[in-house]
Amino acid sequence: MSGTGARPGGAGGPARRGWPDGAPERLYVVGAAEGPPAERAPLDLVTLVVTRPGAKPGAHPEHGAILRLCAGPLSIAELSAYLSLPASTVTVLVAELVEDGRVEARAPMSATAHPVALLEAVMDGLSKI
Amino acid sequence: MGSPRSDLGERTGPRAGDELSPSTVAAVKVVVVGGFGVGKTTLVGAVSEIRPLTTEETMTQASVGVDDIAGVEGKTRTTVAMDFGRISLNDELVLYLFGTPGQERFWFLWKGLFEGALGAVVLIDTRRLEVSFDVLGRLEDRGVPFIVAVNCFPDAPPHPLEAIREALDLEPSVPIVECDARSRASSRDTLLVLMRYLYDLTAATQER
Ligand SMILES: Nc1nc2c(ncn2[C@@H]2O[C@H](COP(=O)(O)OP(=O)(O)O)[C@@H](O)[C@H]2O)c(=O)[nH]1
Ligand SMILES: [Mg+2]
């Protein structure tokens, strides 16, 4: 409970700036260039993780397990569930793999990005289920 | 993918068909919050394309000010499980739905959970309205947009929605709907009410 009183997505909030290493930034993203480029979007429960082609498993078995699971995109929440590890632990492991360039992390979208198009896409998708 | 699963015990992976489409580039999330037994897991399971999964979160913090948590003085460790499900909205976008308990002692979960969330569905059981009071206040304080869904249990006496609105002291603009969390259509419609509300809020902001 930080008590900062910051409104999620409010001005000066944790704007998604995308990853500096070229993760996809199409789809509803606007204003991704704002802010210091070195600042990475924080990893979120719904950040999607994908193993980069040719990534070496390395010595750490948990890293290896993540690399294997993320042959296709998978959220940190799903990784946490499948690995039976707390999401905070998975977040640390994924951050290490991002740092190494062994995985790509696709930052989540929030309604502050491009709300109308995003919400339309959500409503459209939901109405089809 | 031929990955060796048997030697990993609990460490499985997505069941066949539970993989996300490789073209998925981004996720959004919605939180379903309410007291125990109110139907959060049921709602998530009703709309999810995968069997609901569970993620645990652990927090270690000084126990000062967390008198709700039993523990030794000093550091307290708490583990809470959250159920979640998933809906692929199109080839590129996926929605995750998290069910989280509303009691104050679990609010430590909320930081990472509500940041970036589109909004929340507060699920209530009219037999235990008071458990949602704290949640509603907290969401309002944090500026998280939410709707209220009344999960209709058969043995609950019927209440008009406007009476519930009054009892909960909801803003007139906050949608309140009835929901059968066991029904996919009803749960989907509840999510659509949230999205429509968010859409209207956004439109109102942009006109300013
Ligand atoms: N009659 C009825 N029962 C429900 C409904 N939603 C959930 N339940 C039941 O209530 C119990 C608790 O639901 P659950 O989803 O586990 O609650 P949670 O603790 O909020 O996750 C389960 O036995 C459900 O089958 C509903 O809409 N109507
Ligand atoms: Mg539950």
Side-chain angles (χ1 to χ4, degrees), chain A residues 1-2 5-10 13-14 16 23-29 42 44-48 50 65 68-69 71-91 106-112 115-116 118-129, chain B residues 1 3 8 10-14 19-22 24-29 47 49 53-59 65 79 82 84 86-90 92-96 98 107-108 111-119 141-145 184 188 191-192 195-196 198-199 202-203 205-206:
Chain A
M1 275 146 270
S2 63
R7 300 211 151 201
R16 286 166 302 92
E25 287 190 357
R26 41 191 204 274
L27 199 79
Y28 323 115
V29 179
D44 186 276
L45 276 172
V46 299
T47 295
L48 300 178
V50 195
R68 199 172 51 247
L69 281 170
L74 218 49
S75 66
I76 287 192
E78 281 161 300
L79 286 171
S80 162
Y82 292 133
L83 295 170
S84 300
L85 291 172
S88 51
T89 306
V90 173
T91 301
R106 302 176 179 173
M109 317 276 345
S110 73
T112 52
V116 170
L118 180 64
L119 293 169
E120 279 170 350
V122 176
M123 287 191 278
D124 188 52
L126 273 177
S127 58
K128 287 177 181 146
I129 73 165
Chain B
M1 300 241 83
S3 55
L8 285 171
E10 284 296 301
R11 295 183 180 184
T12 56
E19 300 90 353
L20 265 183
S21 162
T24 311
V25 288
V28 291
K29 61 182 170 178
V47 287
E49 67 197 13
L53 297 170
T54 303
T55 174
E56 285 188 349
E57 197 45 273
T58 312
M59 183 195 61
T79 303
M82 272 195 296
F84 67 97
R86 195 184 81 195
I87 302 166
S88 292
L89 296 164
N90 57 42
E92 298 189 326
L93 189 63
V94 61
L95 168 66
Y96 286 89
F98 290 89
W107 287 356
F108 73 85
K111 188 162 178 287
L113 191 58
F114 283 94
E115 271 163 18
L118 297 179
D141 288 349
R142 296 189 54 143
V144 177
R184 185 179 181 85
R188 176 205 57 211
L191 294 175
L192 279 168
M195 294 308 151
R196 170 56 61 183
L198 297 174
Y199 190 91
T202 304
T205 312
Q206 286 181 344

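In what follows, chains carry the letters A, B, and so on, assigned in the order in which the sequence lines appear, proteins first and then strands, with residues in each chain numbered from 1. Given the structure is predicted, the values throughout are model-derived calculations rather than measurements.
- Here B/A27 is the residue among B/G119, B/A27, B/P22 with the most heavy-atom pairs under 4.5 Å with chain A.
- Closest of all the heavy-atom pairs between A/A121 and B/L93 is CB-CD2, 3.9 Å.
- Residues B/S21 and A/P73 share a closest heavy-atom pair of O-CG, 3.5 Å.
- From A/M109, atom CE reaches atom CD of B/E92 across 10.5 Å, with rounding to the nearest 0.5 Å.
- Taking the side chain as every heavy atom from C-beta outward, B/V28 and A/P108 never approach each other to under 4.5 Å.
- Minimum interatomic distance between B/G13 and A/Y82 (heavy atoms only, all atoms of both residues): O-CE2, 3.4 Å.
- Although no hydrogens or angles enter the test, the distance criterion places a donor-acceptor pair under 3.5 Å between the side chain of A/R106 and the main chain of B/T24.
- Nearest heavy-atom pair, B/I87 versus A/I129, reported as atom, atom and distance to 0.1 Å: CG2-CG2, 3.8 Å.
- Of the residues considered (B/L95, B/L113, B/T54, B/V94), B/T54 shows the highest number of contacts with chain A, using heavy-atom pairs under 4.5 Å.
- Partners of B/E56 by salt bridge (charged side-chain N to carboxylate O under 4.0 Å, His left out), not counting sequence neighbours: none found.
- Proximity to chain A (any heavy atom under 4.5 Å) is restricted, for B/R184, to the side chain, taken from C-beta onward.
- Between B/L118 and A/L118 the shortest side-chain heavy-atom distance falls below 4.5 Å.
- The closest side-chain heavy-atom distance from A/L48 to B/Y96 is below 4.5 Å.
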**OP:** Check step by step if side chain to side chain contact (heavy atoms under 4.5 Å, CB included) holds for A/L45 and B/M82.
**Re:** CA-CA 11 Å; A/L45 276 172; B/M82 272 195 296; 4.0 Å; yes
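- With sequence neighbours excluded, the residues that form a side-chain hydrogen bond (donor to acceptor under 3.5 Å, both in side chains) with A/S80 are B/T55.
- Heavy-atom pairs under 4.5 Å with chain B peak, among A/V122, A/I76, A/L79, A/V50, at A/V122.
- With hydrogens and angles disregarded, no donor-acceptor distance shorter than 3.5 Å links the side chain of B/R188 to the backbone of A/S127.
- A/D124 places none of its side-chain heavy atoms less than 4.5 Å from the side chain of B/L89.
- For the pair A/P115 and B/L198, the minimum side-chain heavy-atom distance is 4.5 Å or more.
- Across all their heavy atoms, B/Y199 and A/E120 have their closest contact at OH-OE2, 3.0 Å.
- Taking every heavy atom of both residues into account, A/D44 and B/G112 meet most closely at OD2-O, 3.8 Å.
- Looking at A/S75, the atoms closer than 4.5 Å to chain B (heavy atoms on both sides) sit in the backbone and in the side chain alike.
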